[in-house]
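Structure record follows, encoded as structure tokens.
Computed from a prediction, not measured in an experiment: that's the story for all the values here. Labels below follow one simple rule: chain letters A, B, ... track the order of the sequence lines, proteins then strands, and each chain is numbered from 1.
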Amino acid sequence: EAGVAQSPRYKIIEKRQSVAFWCNPISGHATLYWYQQILGQGPKLLIQFQNNGVVDDSQLPKDRFSAERLKGVDSTLKIQPAKLEDSAVYLCASSLRTVSGNTIYFGEGSWLTVV
Amino acid sequence: KNQVEQSPQSLIILEGKNCTLQCNYTVSPFSNLRWYKQDTGRGPVSLTIMTFSENTKSNGRYTATLDADTKQSSLHITASQLSDSASYICVAQYGNNRLAFGKGNQVVVIP
């Protein structure tokens with residue numbers, strides 16, 4: 001079974017530039033998550049989708065971050081304009097559905113460095 | 001505040017030895033407790049999931065325990081191997097399928 005696919009794996013950009021990350025969840029998984037993980041910390045939820053609808057985006061900095069999952073399958077996370085503090089790993093994860101006890105599978109992450 | 005605290009922050013152990021990682025959580029209403037292993041440069045991988053009615057769950061050389069009364073969990077690694085070097089993240093699920101992540105226990109196994 002293929003896992004959660006993310007690209008690009010690494011990205012270096014200058015502050016005020018824009019960047020986009022792509023995620024393809026495990027086939028059949030209705031729930032998709034984007035997390036931000038700063039070095040030495042645990043992941044922080046940015047946005048959660050159920051199919052193509054947003055379940056939770058309360059911690060998404062909407063002035064610069066946006067995410068979409070138009071067809072309820074793959075998803076894109078965009079940052080524009082980037083700040084130095086956005087340097088982090090952006091993890092995409094998916095699960096069958098949003099129910100208690102469901103295993104959440106993570107991708108390998110997209111490493112962003114803003115200089 | 002819904003949060004998860006892990007200790008020790010980091011530890012170094014000799015190959016073949018055992019170690020125990022601690023997790024304290026304060027979330028409500030509690031749903032389940034998860035442990036993930038995250039290798040350097042990789043995404044987290046699920047080790048165990050325990051509901052409040054489960055006291056212990058094993059996955060190979062990893063054994064997790066849960067005390068829902070004291071809101072504590074531990075992850076025991078038996079006969080450590082070099083490949084166990086990683087960050088171990090405790091995650092508490094609560095409320096409307098929300099997750100609270102700890103900062104992780106950084107484990108380094110040396111030969």
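Heavy atoms from other residues, nucleotides or ligands lying under 6.0 Å from NZ of A:Lys62 number more than 12. The 12-atom threshold is not exceeded at NZ of A:Lys11, counting heavy atoms of other residues, nucleotides or ligands nearer than 6.0 Å. Crowding of B:Phe52 atom CZ: a count of heavy atoms from other residues, nucleotides or ligands under 6.0 Å not exceeding 12. Sparse packing is recorded around CD of B:Gln9, with 12 or fewer heavy atoms of other residues, nucleotides or ligands lying under 6.0 Å away. Counting heavy atoms of neighbouring residues, nucleotides and ligands inside a 6.0 Å radius, atom CD1 of A:Ile12 does not exceed 12 of them. For B:Leu82, the CG atom sits in a packed shell: over 12 heavy atoms of surrounding residues, nucleotides or ligands are nearer than 6.0 Å.
Ranked by heavy-atom pairs under 4.5 Å with chain A, the list B:Gly41, B:Ala100, B:Cys90 is led by B:Gly41.
Using a 4.5 Å cut-off on side-chain heavy atoms (C-beta onward), A:Leu45 and B:Leu99 make no contact.
The shortest non-hydrogen separation linking A:Asp56 to B:Arg98 is OD2-NH1, 2.7 Å. Between B:Ile89 and A:Gln37, the shortest heavy-atom distance links the atoms CD1-NE2, 4.1 Å.
Counting only distance, with no hydrogens or angles, the side chain of A:Glu108 and the backbone of B:Arg42 share no donor-acceptor pair below 3.5 Å.
Only the side chain of B:Gln38 has a heavy atom closer than 4.5 Å to any heavy atom of chain A. Neither the backbone nor the side chain of A:Gln6 comes within less than 4.5 Å of any heavy atom of chain B. For a residue to count as touching a neighbouring chain, one of its non-hydrogen atoms must lie under 4.5 Å from one of that chain's; by this rule A:Leu91 touches chain B with the side chain only.
Here CD1 of A:Ile38 is found 10.5 Å from NZ of B:Lys103. Values are rounded to the nearest 0.5 Å.
Linking Ile, Leu, Val, Met, Phe, Trp and Tyr residues whenever their side-chain heavy atoms come within less than 4.5 Å leaves A:Val73 and A:Phe21 in two separate clusters.
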